[in-house]
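What you are looking at is a predicted structure, and each value in this text was computed from that prediction instead of being measured.
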Amino acid sequence: MNISRRTMLSGLSALALTGCQVAPGTGRSSFNLMSEEDERNLGRQTHPQIVKEFGGTYDDPTLAAYVAGLGQRLVEVCETPAAEFRFTVLNSQIVNAMALPGGYIYVTRGLLALTSNEAEIAGVLGHEIGHVLARHTAERVSRAQATGLFAAVLGAVVGVPGVADVAQMGAAAYLQSFSRDQESEADHLGLRYLVRGGWHPKAMVTMLEKLREQARLDALMAGRSPDSIDQLDFMASHPRTIDRVNATMAEVAGVTPQGAWGTDTFLDRIDGMVYGDDVDQGVVRDRVFAHPKLDLRFEVPTGFRMVNGEKSVVAAHPSGAAIMFDGAPARGVSDMRAYIRQVWLKRSQLSGLEAIDINGMAAATAATRGRTKQGEADVRVVAIRYDAETIYRFTFVTPQAQTTQLSTELRRATYSFRRLTAEEKAAVKPWRLRVRKVQAGDTAEKLAATMAPGQWQIELFRALNGLTAGQQPEPGQRVKLVVA
């Protein structure tokens, strides 16, 4: 096909003219192929997918109404007070908030657990409203549409893990997260709405500091240096949290330091909220994953940190080794060797394919090779016939230098898979967030020791309550504890 340079330039000029729109939050003209109706339709169509990906909505109508009320209070003071927004609390332990075009705003209960007062969560909601009114997501979706990447990157554009597979990113990696300018713009708008709504402006800073400390704790739990999170500068555009903290502190310094915090009101609302995994989705307890509804459990080796996702359970080791556990339909295949060879990994070169028995369940295992960010890796797969319709699967990935060292422990993990006893099912209870008043003589260490068991009690206590290393809570202060 032969297209003249003049025709090409003419087409691009027309696209530029039709694609530039003014964002109501900023008054700035930006590239956007989507009309307001297009944005509403995209949000409406994607909403069920977001809710499913994050474990559904959290079943607490009172808390949901409270969060929605805060959001609507912010909408009333924004540039488009008549605009329709919808606020949803997602039933996920992941610390996250996000926005879709058309006014769909989400916060997870994991983020609510990290928050200490009404002003902080209002700052988060204001930030997400800012993304919508600056039309950031619509702008990025439009660029994806213009470059033919829309279908592959939608999940990445809206920031939903699992909606777009990592392997699909490729040329669209630049769309994975909001740019430095977009995040700064949303922070600025969020601060504007926070102040107009009557909350204290410093809450924007304290919330960003909490997010940074949570990221440091996540890095520590994953076996990485906590300081590594401040080195992140995604493709020289994604702003590091520390940079956002500093920039927001500078902006807050120019704002009159007054407004409500709403600490007691907020803490009263989240007292008793589920913390961590929901029992209906299965729970991680140290190195054990147990799922009462599916009637199964298994254990990973020491050193692996396990995370329960919507579609799989993943455990990572500081060495780069990883374990993934998921389920799949049997598809009428009863021989697990045939399942691995003909259904699961039919395009892979397998070795050592053999039938095994795992606690009375027919299974099979095989080895292959793969590649990770760290280079070549050994991969061992295990398929277990749980019943006539269901197969459960383990995928063990080890750097080649670690395979021999980890083989015995990973074999034990395989054979730890079994059904739960009646007593074990009854014993699986959700952890909850409880608010307590600090008494004279209480220390961070003493209070942390009363929390649900785990390796990182004191670090988690400090992160949940906004305490720096060495800082102690004051008598009379209300603090959050995670209790079994």
Backbone of Thr421 reached by a side-chain donor or acceptor of Glu424 within 3.5 Å: yes

Set of ring pair (Phe, Tyr, Trp, His ring centres under 6.0 Å) partners for His291, sequence neighbours left out: none

Ala367 backbone acceptor or donor facing Asp378 side chain under 3.5 Å: no

Leu42 backbone acceptor or donor facing Gln45 side chain under 3.5 Å: no

Pairing of Arg462 and Glu445 as salt bridge, 4.0 angstrom limit: yes

Glu120: which of Thr206, Thr263, Thr115 passes side-chain hydrogen bond (donor to acceptor under 3.5 Å, both in side chains): Thr206

Test: Arg412 and Glu409 ion pair at under 4.0 Å: yes

Glu376 with Arg369: basic N within carboxylate O range, under 4.0 Å: no

Contacts of Gln471 that satisfy side-chain hydrogen bond (donor to acceptor under 3.5 Å, both in side chains) - sequence neighbours left out: Thr468

Residues in ring pair (Phe, Tyr, Trp, His ring centres under 6.0 Å) contact with Tyr275, at least two apart in sequence or another chain: none

Main-chain N/O of Ser225 paired with Arg216 side-chain donor or acceptor, under 3.5 Å: no

Pair Lys311 + Asp326, salt bridge at N-O below 4.0 Å: no

Note: Arg192-Asp187 ion pair, threshold 4.0 Å (strictly below): no

Check: Tyr106 main-chain N/O paired with Thr88 side-chain donor or acceptor under 3.5 Å: no

Spatial distance of atom SG (Cys78) from atom CG (Leu133) [nearest 0.5 Å]: 5.0 Å

Whether His317 and Phe304 hold their rings parallel, tilted or perpendicular, with breakpoints at 30° and 60°: tilted

Side chain Asn465, main chain Phe461, donor-acceptor under 3.5 Å: yes

Backbone of His131 reached by a side-chain donor or acceptor of Gln182 within 3.5 Å: no

Salt-bridge criterion met for Arg418 and Asp295 (N-O under 4.0 Å): no

